[in-house]
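Only this structure's heavy atoms are used, side chains among them; waters, hydrogens and symmetry mates stay out. Whatever order the structure lists ligands and atoms in, that order sets their numbers, starting from 1. Keep in mind it's a predicted model, so treat the numbers as computed, not measured.
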Amino acid sequence: MTDRAIVVRYGELFLKGDNRPFFERTLEQNLRRAIGDLPGARVDRLHGRMLVRASDPAEAVERVRRVFGVTSVSTALLCRAELDAVASAAVACAREAAAARPTGRAVTSQGERPSFKVESRRSDKRFPLPSPEISRRVGAAIVEALGLPVDVHAPDLTVGVEIGTQATFVWSGDLKGPGGLPVGTGGRVLLLLSGGIDSPVAGWLLQKRGCELAAVYFHSFPYTGDKTREKVTDLARRLAKAQRALPLHVVHFTEAQKQLRAAGPGEIAVVLYRRMMVRVAGAIARRDHIGAIATGENIGQVASQTLENIACIEAAADRPVLRPLLTYDKTETMALARQIGTYELSILPYDDCCSLFVPEHPSTRVRREVAEAAEAKLDVAAMADELARTAELVALSGCLTPSAGT
Ligand code: ATP
Ligand code: MG
């Protein structure tokens with residue numbers, strides 16, 4: 001066993017009553033999956049924290065800091081629950097933290113050594129000293145060994161001491177996690193995933209709120225080629241990293257699109273395609289017991305996404321349509337896409353099936369009656385069921401499992 005560990009903190013504010021054990025259990029499982037393939041991997045649930053161990057702590061930190069629900073992580077040194085051992089671990093930790101400050105800042109801008117404070121938590125009441133006294137004594141040891149000044153109000157470094165029944169450890173410095181809720185605590189959502197910038201970001205935001213995703217992609221071969229399909233699969237794979245697995249349903253949409261295009265005036269074609277997409281997604285969701293569907297739609301971004309057209313599309317849905325990006329500026333969405341690593345994939349050139357067979361100026365105000373009148377020429381319910389039934393399933397394994405490397 002290594003003497004290093006990772007302290008994982010999570011938001012507690014909203015954790016009340018029965019939710020708490022469920023939240024913690026799910027987070028623990030997700031952390032286990034995130035590091036499961038590392039030698040020496042181990043996750044312990046302590047009071048209000050998780051302690052993660054692995055023989056490669058640097059790699060483990062990189063992985064656990066991306067797990068939803070985690071607010072921050074720190075590397076820690078484990079030690080015996082004795083004051084001397086705690087003090088020397090704290091000195092080692094403070095020395096490392098001072099050295100790890102950005103180049104040129106091992107001393108502060110004023111040319112001083114970095115100031116510090118010690119924060120102690122003693123949940124094992126068998127330890128003979130109360131927390132303030134632990135902080136004082138450990139602080140004195142750091143002053144003596146390293147000559148760092150104490151500043152309890154605005155320290156450059158914080159050294160944490162935690163003395164618990166299961167483990168005693170010392171940490172310094174922390175890295176922010178993504179926050180949110182552990183994936184799996186928020187139910188399942190079927191994401192309409194295109195090859196664009198928006199829908200993968202919408203999926204990521206839902207995962208951040210604890211939702212586990214399945215995805216559906218509407219493929220119009222040969223108008224949208226294999227490259228587009230590969231790109232969507234890669235995007236889905238990126239989202240799968242936060243889950244155990246992610247089923248991607250590929251719907252063969254070409255014939256349906258042609259029939260829809262022929263059924264009404266060209267100006268309403270995009271809205272007819274979208275109405276069919278939510279119907280098919282609804283059929284898949286019904287079969288797979290998924291409560292809601294989601295899109296990357298956004299108010300006013302393109303002609304098909306006016307409030308009127310969104311209302312007309314929504315009317316064809318049989319369950320809630322979640323739109324996490326509804327109010328985002330494109331620049332905000334793009335920044336998030338870069339941060340989560342989908343942007344580079346999304347901007348690869350691709351064909352968009354919704355731009356197939358449509359005039360240059362699609363209607364921004366498709367009335368429901370007009371859409372329904374066009375659809376009355378077809379059996380849209382049967383078409384949707386058939387498209388859902390014949391969709392191809394691509395089972396993507398999550399990177400949170402040891403076997404996943406895709
Ligand atoms: P995106 O960047 O996600 O494609 P967008 O701004 O390009 O979004 P549209 O192309 O109008 O917007 O699509 C709106 C939403 O409809 C998408 O975010 C996605 O959820 C869904 N969608 C569009 N085309 C497809 C498709 N071929 N397969 C699955 N979903 C799709
Ligand atoms: Mg698009």
S.K.: Indicate whether the side chain of Gln166 and that of His47 have a donor and an acceptor atom separated by less than 3.5 Å.
M.R.: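 Side-chain D/A pair, Gln166 to His47: absent.
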S.K.: Parallel, tilted or perpendicular: which one describes the rings of Tyr10 and Phe23, with boundaries at 30° and 60°?
M.R.: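 Aromatic pair Tyr10/Phe23 classed tilted.
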S.K.: Counting each atom of ligand 1 from 1 as listed, which ones have a heavy atom of Thr295 under 4.0 Å away?
M.R.: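 Going through ligand 1 atom by atom, the ones under 4.0 Å from Thr295 are 20 (O).
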S.K.: May I have the step-by-step check of side chain to side chain donor-acceptor pair (under 3.5 Å) for Arg9 and Thr71, ending in yes or no?
M.R.: CA-CA 6 Å; Arg9 303 180 191 84; Thr71 53; over 6 Å; no
S.K.: Using a 4.5 Å cut-off on heavy atoms from C-beta on, say whether the side chain of Asn309 contacts that of Arg274.
M.R.: no
S.K.: Could you list which atoms of ligand 1 come closer than 4.0 Å to a heavy atom of Asp198?
M.R.: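 Matching atoms, with element in brackets: 1 (P), 2 (O), 3 (O), 5 (P), 6 (O), 8 (O).
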S.K.: What closest approach, in Å, do Val8 and Val73 show between heavy atoms, and which atom pair accounts for it?
M.R.: CG2-CG1, 4.2 Å
S.K.: Using a 4.5 Å cut-off on heavy atoms from C-beta on, say whether the side chain of Thr185 contacts that of Phe22.
M.R.: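 The answer is yes, as the side chains (C-beta and beyond) meet within the 4.5 Å cut-off.
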S.K.: List ligand 1 atoms under 4.0 Å from Val216, heavy atoms only on the residue side.
M.R.: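 Within the 4.0 Å cut-off of Val216, ligand 1 contributes 29 (C).
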S.K.: Provide the number and element of each atom of ligand 1 under 4.0 Å from a heavy atom of Gly296.
M.R.: 17 (C), 18 (O), 20 (O)
S.K.: Enumerate the atoms of ligand 1 whose separation from the nearest heavy atom of Leu193 is less than 4.0 angstrom.
M.R.: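 Numbered from 1, ligand 1 contributes 28 (N), 29 (C), 30 (N).
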S.K.: Check ligand 1 against Ile197 and write out every atom of the ligand that is under 4.0 Å from a heavy-atom position of the residue.
M.R.: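 Going through ligand 1 atom by atom, the ones under 4.0 Å from Ile197 are 2 (O).
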S.K.: In terms of heavy-atom contacts, does NZ of Lys176 have more than 12 from other residues, nucleotides or ligands at under 6.0 Å?
M.R.: no
S.K.: Out of His219, Arg229, His249, Arg274, indicate the one that has the non-hydrogen atom closest to atom 13 (O) of ligand 1.
M.R.: Arg274
S.K.: Which of the numbered atoms in ligand 1 are below 4.0 angstrom from a heavy atom of Glu297?
M.R.: 14 (C), 15 (C), 18 (O)
S.K.: As an exercise, identify every atom of ligand 1 less than 4.0 angstrom from a heavy atom of Gly196.
M.R.: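 That gives atoms 1 (P), 2 (O), 4 (O) of ligand 1.
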S.K.: Without hydrogens or angle criteria, can the side chains of Gln257 and Ser220 be said to hold a donor-acceptor pair below 3.5 Å?
M.R.: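 Short answer, yes.
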S.K.: When you compare ligand 1 with Met277, is there at least one nitrogen or oxygen pair between them that comes in under 3.5 angstrom?
M.R.: no
S.K.: Between Tyr273, Phe218, Phe253, which one has a non-hydrogen atom sitting closest to atom 27 (N) of ligand 1?
M.R.: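 Among Tyr273, Phe218, Phe253, the closest heavy atom to atom 27 (N) of ligand 1 belongs to Phe218.
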